[in-house]
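We count ligands from 1, going down the list as the structure has it; atoms in each ligand are counted the same way. Note that these values count all heavy atoms, side chains included, but never hydrogens, waters or copies made by symmetry. Computed from a predicted model, the values in this text were never measured in an experiment.
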Amino acid sequence: MVTQALAAVVCAMCLLPVLVRAQLQVGFYQRTCPNAESLVRQAVATAFAKDAGIAAGLIRLHFHDCFVRGCDASVLLATNAGGGKTERQAIPNNPSLRGFEVIDAAKASIEQSCPGTVSCADILAFAARDSITLTGNVFYTVPAGRRDGSVSKEQDALDNLPPPTFTAQQLIDRFKNKTLTAEEMVLLSGAHTVGRSFCASFVKRIWNGTTPIVDAGLSSSYAALLRSLCPSSTTQTTLITTAMDPGSPNVLDNNYYKLLPRNMGLFFSDNQLRVDGNLNALVNTFAANETMWKERFAAAMVKMGRIEVQTGRCGQVRLNCSVVNPAASSSSPVELASVDEEGVIATS
Ligand code: HEM
Ligand SMILES: *[C@@H]1O[C@H](CO)[C@@H](O)[C@H](O)[C@H]1NC(C)=O
Ligand SMILES: *[C@@H]1O[C@H](CO)[C@@H](O)[C@H](O)[C@H]1NC(C)=O
Ligand SMILES: *[C@@H]1O[C@H](CO)[C@@H](O)[C@H](O)[C@H]1NC(C)=O
Ligand SMILES: *[C@@H]1O[C@H](CO)[C@@H](O)[C@H](O)[C@H]1NC(C)=O
């Protein structure tokens, strides 16, 4: 009875506006798991040494986590309790999303030091930051204290992730829905200075059936190059990729903003930042001043990391990032003792 009533109160609190709930804090694990951030950094550095492209994967993983059900590591779950497909099985994530095994490695080493303490959602946020540090020589502190969710549905990914066919207005609206401004949308799009894309995400810009075409805002020589790489028969399962910033796919610089005016934005959505005058002014600003872009990019990453987060008693600290905790251990004593309380009722 008491447990049930308590669960109901906790549940209700999780639905309250953000202001009355616990907030994220820099150094959240200072007392409970002082090595947490360095263990993530080590896991990311080890993976990066083997495959530098993994950094781009980890940055995108955090983005795709935050835009779907908030930054709650729902993107990592391997099963949908309702029986359908998961977020990670959805077309925008499959087969393109990568870096899962780096998160698993970080989680495994953290579980050895401080069991049941560090959420997978926070590990994702730390790993994205570390990837940005490794590729861009940019460091920023990451407010933490996110809790993990337990729901992962394909449809949520389809409904919330912006597709590469979005117009400027659709991009602005989608980011606004996630509390991010148009400027933050342009800032964060600069992440396309690292990483790769499968052919499926841009094939309709270069082929109409079996006829070569050149989409508006795409240079004809770049289109020809892309066509030589991606067959007209490309489908979602064609496993051919190309760098989004062909010159330096593993360096986080402001080259993305320099490629756009050269008609070398890979996606229709990238080119949309040029078509809209207000957005294009920002593109020019960030192309002209890399320092400014990096500063503001880091701040925008922190803001993205706050989207619809669960804190305090809400959600859980998953023990295995791919799996929701067994019912009995979802509020284990270890976990409760490690939570920094702030405006949340105490339990016995
Ligand atoms: C503005 C709307 C956005 C759209 C439409 C978009 C779309 C895409 C698409 C289609 C891909 C390639 C997927 C594939 O392989 O087929 C991609 C890759 C990528 N995106 Fe975005 N994206 C957007 C915003 C962002 C943001 C906000 C970030 C991070 C802050 C981001 C980071 C990345 C990274 C790093 C990659 C490369 C991933 C890898 O190499 O594994 N994107 N994006
Ligand atoms: C975003 O869109 C969803 C679904 O339409 C809506 O419920 C939610 O309130 C919106 N959030 C913001 C911040 O606009
Ligand atoms: C593709 O080709 C069809 C018929 O060949 C034509 O009607 C259509 O307008 C073309 N689409 C584009 C985007 O060029
Ligand atoms: C670039 O931006 C930085 C930081 O915002 C600023 O301090 C610097 O003066 C700018 N540089 C130029 C050349 O405008
Ligand atoms: C986590 O769960 C997945 C999926 O059930 C499983 O394959 C994996 O071995 C588990 N990892 C650990 C460290 O137990």
Compute the ring centroids of F268 and F202, then answer whether they are less than 6.0 Å apart.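 Distance test on ring centres: not under 6.0 Å, no.
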
Protein contact to [atom] [nearest heavy atom, distance to 0.1 Å]:
{"atom": "atom 17 (C) of ligand 1", "result": "R60 NE, 3.5 Å"}
{"atom": "atom 13 (C) of ligand 4", "result": "N289 ND2, 4.5 Å"}
{"atom": "atom 4 (C) of ligand 5", "result": "V323 CG2, 3.8 Å"}
{"atom": "atom 11 (C) of ligand 1", "result": "F267 CZ, 3.4 Å"}
{"atom": "atom 41 (O) of ligand 1", "result": "R98 NE, 2.7 Å"}
{"atom": "atom 3 (C) of ligand 5", "result": "N320 ND2, 3.6 Å"}
{"atom": "atom 27 (C) of ligand 1", "result": "L188 CB, 3.5 Å"}
{"atom": "atom 5 (O) of ligand 4", "result": "E295 OE1, 3.5 Å"}
{"atom": "atom 15 (O) of ligand 1", "result": "F198 N, 2.9 Å"}
{"atom": "atom 4 (C) of ligand 1", "result": "P162 O, 3.8 Å"}

Has F175 got any heavy atom lying under 4.0 angstrom from an atom of ligand 1?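 In this structure, F175 qualifies as a contact of ligand 1 - some heavy atom is under 4.0 Å.
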
Could you check whether [Y] and [X], counting side-chain N and O atoms only, form a donor-acceptor pair closer than 3.5 Å?
{"X": "N93", "Y": "Q89", "value": "no"}
{"X": "N160", "Y": "R174", "value": "no"}
{"X": "D245", "Y": "H192", "value": "no"}
{"X": "Y256", "Y": "D270", "value": "yes"}
{"X": "R60", "Y": "S96", "value": "yes"}
{"X": "Y29", "Y": "D122", "value": "yes"}
{"X": "E87", "Y": "S74", "value": "yes"}
{"X": "T193", "Y": "D253", "value": "yes"}

Relative to the heavy atoms of [X], which atoms of ligand 1 are at a distance of less than 4.0 Å?
{"X": "S189", "answer": "1 (C)"}
{"X": "G195", "answer": "37 (C), 40 (O)"}
{"X": "M301", "answer": "30 (C)"}
{"X": "A56", "answer": "35 (C), 38 (C), 39 (C), 40 (O)"}
{"X": "L171", "answer": "1 (C), 2 (C)"}
{"X": "S201", "answer": "10 (C), 13 (C), 14 (C), 16 (O)"}

Is [X] salt-bridged to [Y], going by a charged N under 4.0 Å from an acidic O?
{"X": "R296", "Y": "E183", "result": "yes"}
{"X": "E154", "Y": "R88", "result": "no"}
{"X": "E111", "Y": "K107", "result": "yes"}

As a check for students: among [options], identify the option with a heavy atom nearest to [atom].
{"atom": "atom 37 (C) of ligand 1", "options": "M244, Q170, Q236, R174", "value": "M244"}
{"atom": "atom 30 (C) of ligand 1", "options": "G53, P164, A191, G57", "value": "A191"}
{"atom": "atom 21 (Fe) of ligand 1", "options": "H192, R196, M304", "value": "H192"}

At under 4.0 Å between heavy atoms, which part of [X] makes contact with ligand 1: side chain, backbone, both or neither?
{"X": "P163", "answer": "backbone"}
{"X": "F166", "answer": "neither"}
{"X": "F63", "answer": "side chain"}
{"X": "S197", "answer": "both"}

When you compare the side chain of K303 with that of L180, does any pair of heavy atoms fall below 4.5 Å?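 Yes. Closest side-chain heavy atoms under 4.5 Å.
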
For side chain to side chain contact (heavy atoms under 4.5 Å, CB included), just list the numbers for D65 and D72, CA-CA rounded to whole Å, side-chain angles, deciding distance to a tenth of an Å, and then say yes or no. CA-CA 7 Å; D65 180 31; D72 70 342; 3.3 Å; yes

If you group Ile, Leu, Val, Met, Phe, Trp and Tyr by side-chain heavy-atom gaps below 4.5 Å, do M244 and V186 land in one group?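 Shared cluster, no.
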
Per-atom contact, atom 9 (O) of ligand 4, protein heavy atoms, under 4.0 angstrom: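 No; the ligand atom in question lacks any protein heavy-atom contact below 4.0 Å.
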
